[in-house]
Amino acid sequence: MDNNQTPPPYIPQNRKAKSVTGLKIIYLMLICVVLMIGLLMVWLMSDTREMTSRKVSDEIASQWGNGVVVDGPVAIDSIGNDRFVRPSVFDCDVHVDGISMHKGIYDAEVYAANVKISGIFSREAISERADTVYLRLNVPAIKNIDRLQPLKFGENSIQWTAGHSCLLARVSLDDMPDSIPYSTEFYIRGSGSIEVNAIGDRSDITIGGESANPSFHGNRLPDERYVTDSDFRARWQTELHSYDDVDETDRVSVDFLVGVDRYQKVNRSMKYGFIIILLTFVSVMFVEIMMRYPIPVFNYLLIGVALILFYSLLLAFAEHMSFGPAYAVASVMTVGLITGYMWLMLHSRKVGLGILAILTLIYGACYVMLCLSTYSLLVGSLILFVALAAIMYSSLRLRY
């Protein structure tokens with residue numbers, strides 16, 4: 001034999017095993033596509049039920065009261081006159097009490113607000129128009145006002161009368177001081193938002209109460225704010241210089257958001273569906289290769305169906321309890337089902353406990369990302385990086 005002859009290239013003996021593994025990966029990718037169609041169907045069902053929930057919530061809100069706007073009071077010569085005199089000082093304190101109303105399995109967040117208005121009118125500015133004027137307080141939702149207190153104007157107490165989307169009080173300037181104090185108070189029902197027009201030359205507006213997710217809007221943000229998980233308080237202080245230009249006024253507004261409601265959280269959790277399916281399949285395949293126990297493709301399909309069923313369970317439970325407990329119940333049922341299935345299929349308690357730990361980490365990480373609105377992308381990217389690093393490191397131990 002010629003010692004200089006080049007030996008034939010090495011042909012691995014496990015080429016067939018590699019081809020079978022590659023074919024199984026293709027099958028698993030096809031299963032992932034089918035499962036994503038199933039996930040889309042669950043998402044469409046969630047979207048439909050969310051639309052129904054919003055419709056019911058809008059019905060409840062329309063019966064209780066929509067967004068509230070408080071504008072005034074201002075002094076006018078006669079009813080229907082668009083020209084007015086602003087108060088020199090306008091103070092408004094609004095305290096909001098949140099109320100949950102239910103209709104079947106659906107609910108709506110509404111509120112009852114205690115509105116206290118006070119301030120000072122300049123007699124000189126008003127008397128240029130007439131000796132007897134009207135004070136007009138624009139509140140479009142007149143029917144939603146309760147416990148309306150009389151207007152205190154100087155030393156006089158005057159009953160309000162209802163006008164078109166406003167309250168009116170006829171006042172006399174006789175024997176009034178140069179700076180005329182005024183005040184009134186009422187409760188009003190509403191939902192969604194409350195807006196106050198800073199109508200005075202100097203305005204001091206405070207809005208506070210029960211709301212976990214207030215959102216501040218309007219011409220300007222609050223000068224002071226205090227927000228906790230259950231209540232808030234915000235204050236605006238403004239100064240104006242024109243008596244007649246209504247466009248110069250500042251409007252302050254607070255929207256009362258429910259936050260990310262149960263349907264939105266369910267939909268957000270579905271965005272991580274493909275990642276959960278992929279990580280689960282990779283984990284099961286690693287178990288299959290390391291134990292040298294072939295797992296049929298059909299068994300992968302059943303595990304994938306269980307992963308999709310998790311979202312249906314989550315949606316169903318979330319309609320009857322808060323999202324956190326619903327997520328916990330659905331994830332425990334799904335993880336328990338897959339863990340028991342793997343345990344019985346491979347006859348290995350060690351494998352079952354390993355799958356239990358992996359799925360618990362996956363669903364726990366997913367829940368953390370759902371709870372973190374601002375840092376969800378950062379946390380999600382870090383979790384995926386760690387998962388990829390773990391898979392790459394584990395793959396180094398594989399031998400075909």
Side-chain angles (χ1 to χ4, degrees), residues 23-57 104-106 258-285 295-339 341-342 355 358-373 376-377 379-381 383-384 387-388 391:
L23 187 61
K24 176 169 286 189
I25 291 176
I26 295 176
Y27 287 150
L28 294 183
M29 295 305 296
L30 293 176
I31 290 177
C32 287
V33 173
V34 174
L35 293 177
M36 293 308 296
I37 296 175
L39 186 63
L40 176 62
M41 295 176 64
V42 178
W43 180 85
L44 291 175
M45 180 172 59
S46 175
D47 187 63
T48 301
R49 298 186 75 85
E50 181 181 7
M51 292 176 61
T52 303
S53 176
R54 292 187 182 277
K55 182 179 179 180
V56 174
S57 298
I105 63 173
Y106 304 107
V258 182
V260 183
D261 65 19
R262 55 192 177 187
Y263 295 106
Q264 290 176 324
K265 286 185 176 181
V266 172
N267 292 339
R268 281 181 56 192
S269 68
M270 292 183 192
K271 295 180 180 179
Y272 306 106
F274 180 78
I275 296 175
I276 291 178
I277 293 172
L278 183 61
L279 292 178
T280 303
F281 278 7
V282 170
S283 301
V284 174
M285 178 167 282
I295 299 177
V297 175
F298 180 72
N299 296 88
Y300 281 93
L301 177 61
L302 292 179
I303 293 173
V305 171
L307 296 174
I308 298 301
L309 185 59
F310 162 78
Y311 296 101
S312 179
L313 291 171
L314 177 61
L315 175 61
F317 286 127
E319 291 186 331
H320 298 278
M321 61 182 72
S322 59
F323 181 80
Y327 189 93
V329 173
S331 58
V332 167
M333 292 178 64
T334 304
V335 172
L337 176 63
I338 296 176
T339 298
Y341 185 63
M342 292 291 294
I355 293 296
I358 292 172
L359 291 179
T360 300
L361 288 175
I362 291 175
Y363 281 105
C366 181
Y367 184 76
V368 170
M369 288 187 290
L370 291 174
C371 294
L372 298 175
S373 57
S376 58
L377 177 60
V379 174
S381 300
I383 290 175
L384 287 178
L388 178 60
I391 293 172

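Of all heavy-atom pairs spanning F281 and L28, the tightest one is CE2-O, 4.2 Å. Residue G273 comes nearest to Y311 through the heavy atom pair CA-OH, 3.2 Å, listed as atom of the first residue, atom of the second, then distance. I295 and Y300 get closest at one heavy-atom pair: O-CE1, 3.6 Å. Taking both residues in full, the closest heavy atoms of L35 and G304 are given as CD1-CA, 3.4 Å, listed atom of the first, atom of the second, then distance. Across every non-hydrogen atom of S269 and C366, the tightest pair is O-SG, 4.5 Å. When all heavy atoms of L307 and I277 are compared, the pair lying nearest together is CD1-CA, 3.8 Å.
Between M36 and the options V34, V33, L39, a side-chain contact (heavy atoms from CB on, under 4.5 Å) holds for only L39.
With sequence neighbours left out, the ring-ring contact (aromatic ring centres under 6.0 Å, His included) criterion links F317 to no other residue. Scanning for ring-ring contact (aromatic ring centres under 6.0 Å, His included) contacts around Y367 gives Y327, with sequence neighbours left out.
Remark: M342 CE to N299 CG distance equals 9.0 Å, nearest 0.5 Å. Atom-to-atom distance recorded for N267:CG and L44:CG is 9.5 Å, nearest 0.5 angstrom. The distance from the CG atom of L370 to the NZ atom of K271 is 10.0 Å, given to the nearest 0.5 Å. Atom CH2 of W43 and atom OG1 of T48 lie 8.5 Å apart (nearest 0.5 Å). Taken to the nearest 0.5 Å, the CG atom of L302 stands 4.5 Å off from the OH atom of Y341. Atom CG of L278 sits about 7.0 Å away from atom CE of M29, to the nearest 0.5 Å.
Remark: side-chain polar atoms of S331 are paired, donor with acceptor, to backbone N or O of A328 under 3.5 angstrom. Looking at S46, its side chain never comes within 3.5 Å of a backbone N or O of V42 through a donor-acceptor pair.
A 4.5 Å side-chain heavy-atom check between L309 and T334 finds every atom pair outside the cut-off. You'll find the side chain of V297 stays beyond 4.5 Å of the side chain of L301, heavy atoms only. Side-chain contact between V266 and F323: present, with at least one pair of heavy atoms (C-beta onward) separated by less than 4.5 Å. Put simply, the side chain of M333 reaches to within 4.5 Å of the side chain of V329, judged on heavy atoms. Side chains of L314 and M270 form no contact here, defined as non-hydrogen atoms less than 4.5 Å apart. In this structure, the side chains of I362 and Y272 stay at 4.5 Å or more apart for every pair of heavy atoms.
Surrounding CE of M45 are more than 12 heavy atoms belonging to other residues, nucleotides or ligands, all under 6.0 Å away. No more than 12 heavy atoms of other residues, nucleotides or ligands lie within 6.0 Å of CE in M51, so this atom counts as exposed by the packing criterion.
Of the N and O atoms on the side chains of D47 and Y263, not one donor lies less than 3.5 Å from an acceptor on the other residue.
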